[in-house]
Protein chains: 2
Amino acid sequence: MEDGTFKSVTHTDVCATASCEIRDLLDRLADKWSLLIIEMLGEGARRFSELHREIDQISQRMLTLTLRHLERDGLVLRTVHPVVPPRVDYELTSLGESLLSAVFPLVTWTREHRHEVAAARGTYDTRRAPGEHSRV
Amino acid sequence: MEDGTFKSVTHTDVCATASCEIRDLLDRLADKWSLLIIEMLGEGARRFSELHREIDQISQRMLTLTLRHLERDGLVLRTVHPVVPPRVDYELTSLGESLLSAVFPLVTWTREHRHEVAAARGTYDTRRAPGEHSRV
DNA sequence: CGGCATCCTAAGGGATACTG
DNA sequence: CAGTATCCCTTAGGATGCCG
């Protein structure tokens, strides 16, 4: 149930409020890697190099940046072990885990409706492509 | 055409798969306006100018682009009324509505944990700011 | 190993002007 | 009204190299 909370406000307020929340949300998750890292850590703690290996398309710069960002937001816990060579572990905080749960429905949605979206795209594209030489 | 041909799933592909789904998801929602528009349309159909007024921070360029994108993905239905002056209505498709439901938990999460995140940020920032003149 | 610092490009997106 | 087209600037983020 979506319950009343969401719409218990006036029209413009819905906009302003929603806008704020959504910006908040996006600022936290909408970059290229945050969600992916959160999902990986959802399976258990990992050290830096493990993450880097598992997501080998990511640059170490981005891995570092994203982890810092997540750490700053209290979603990820960073543990530095004072050994040589250095070892750093990352894991989800409980806050991070709660976020992960909130993300699940969305990932599920994506998986379940991927084909519908692809189909819609196909329809859209072919319906306006045929006449004209569609732009690249 | 694009589906099925995708991949054979192996261990690294667990990552690749998640990565793929998440990239998919983000490509659809992670821009500055899509989610917001979806939420607005979740309350009911709107015409172009109404959306523009309600989200008045958006440029008409971005409004158009975003709506086209959503339409292409089958999330939004665009109806042109052949009148002068022109009138165009936008509404969520059932696919769009299903997405909206999947988004709700996340919006709720954001609202409920906003303060925790802010607090974590504060802690993080003050814990490394005091010694050094923090960079811009 | 884990991470900064630097450089550089591609894309996102705002402002403005024009059109059917 | 509901767009399109252009220009322009800011940002994300990849590649590379150095350091404790």
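So that the names make sense, note that chain A is the first sequence line, chain B the second, and so on, each numbered from 1.
Taking the side chain as every heavy atom from C-beta outward, W109(B) and L100(A) never approach each other to under 4.5 Å. Taking the side chain as every heavy atom from C-beta outward, R47(B) and V88(B) never approach each other to under 4.5 Å. Residues K32(A) and L26(B) form no side-chain contact, since every pair of their non-hydrogen atoms from C-beta on lies 4.5 Å or further apart. Two residues are said to be in side-chain contact when any heavy atoms from C-beta on lie closer than 4.5 Å; H113(A) and L99(B) fail this criterion.
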- Message: L63(B) vs W33(B), test: side-chain contact (heavy atoms from CB on, under 4.5 Å). Steps then yes/no.
- Response: CA-CA 8 Å; L63(B) 184 53; W33(B) 305 109; over 6 Å; no

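In this structure, R114(B) pairs ionically with E21(A), as a charged nitrogen and a carboxylate oxygen lie closer than 4.0 Å.
The two residues I37(A) and L67(A) have their closest heavy-atom pair at CG2-CD2, 3.8 Å.
Distance alone, capped at 3.5 Å, places no donor-acceptor pair between the R72(A) side chain and the D125(B) backbone.
The side chain of R61(A) places no N or O atom within less than 4.0 Å of a non-bridging phosphate oxygen (OP1 or OP2) of dC7(C).
When rounded to the nearest whole Å, the span between CD of Q57(B) and P of dG14(C) equals 10 Å. The NZ atom of K32(A) sits 11 Å away from the P atom of dG12(C) (whole-angstrom rounding). For the pair M62(B) CE and dA15(C) C1', the interatomic distance rounds to 13 Å; values are reported in whole Å. Here dG14(C) presents its P atom at 10 Å from CG of L65(B), a figure rounded to the nearest Å. Between the CG atom of D27(B) and the C1' atom of dA11(C) there is a distance of 12 Å, rounded to whole Å. Rounded to whole Å, the distance from CH2 on W33(B) to P on dG13(C) is 9 Å. At whole-Å resolution of the value, CG in L63(B) and C1' in dA15(C) are 15 Å apart. Atom CG of L67(A) is separated from atom C1' of dG3(C) by 11 Å (rounded to the nearest Å).
Projected onto DNA chain C by closest heavy-atom contact, R68(A) and I58(B) fall at different nucleotides, the more 5' of which corresponds to R68(A).
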List the atom pairs, with distances to 0.1 Å, where a side-chain N or O of residues 76-85 of chain B and a protein N or O form a donor-acceptor pair under 3.5 Å, not counting sequence neighbours.
{"unit_1": "R78(B)", "atom_1": "NE", "unit_2": "Y90(B)", "atom_2": "OH", "d": "3.2"}
{"unit_1": "H81(B)", "atom_1": "NE2", "unit_2": "D89(B)", "atom_2": "OD2", "d": "2.6"}

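Taking every nucleotide of DNA chain D with any atom under 4.0 Å from a non-hydrogen atom of chain B, the first and last of them, 5' to 3', are dC1(D) to dT6(D).
For the helix from dC1(C)-dG20(D) to dG20(C)-dC1(D), the end axes, each set by the C1' atoms of five terminal pairs, are bent relative to each other by 40° (nearest 10°).
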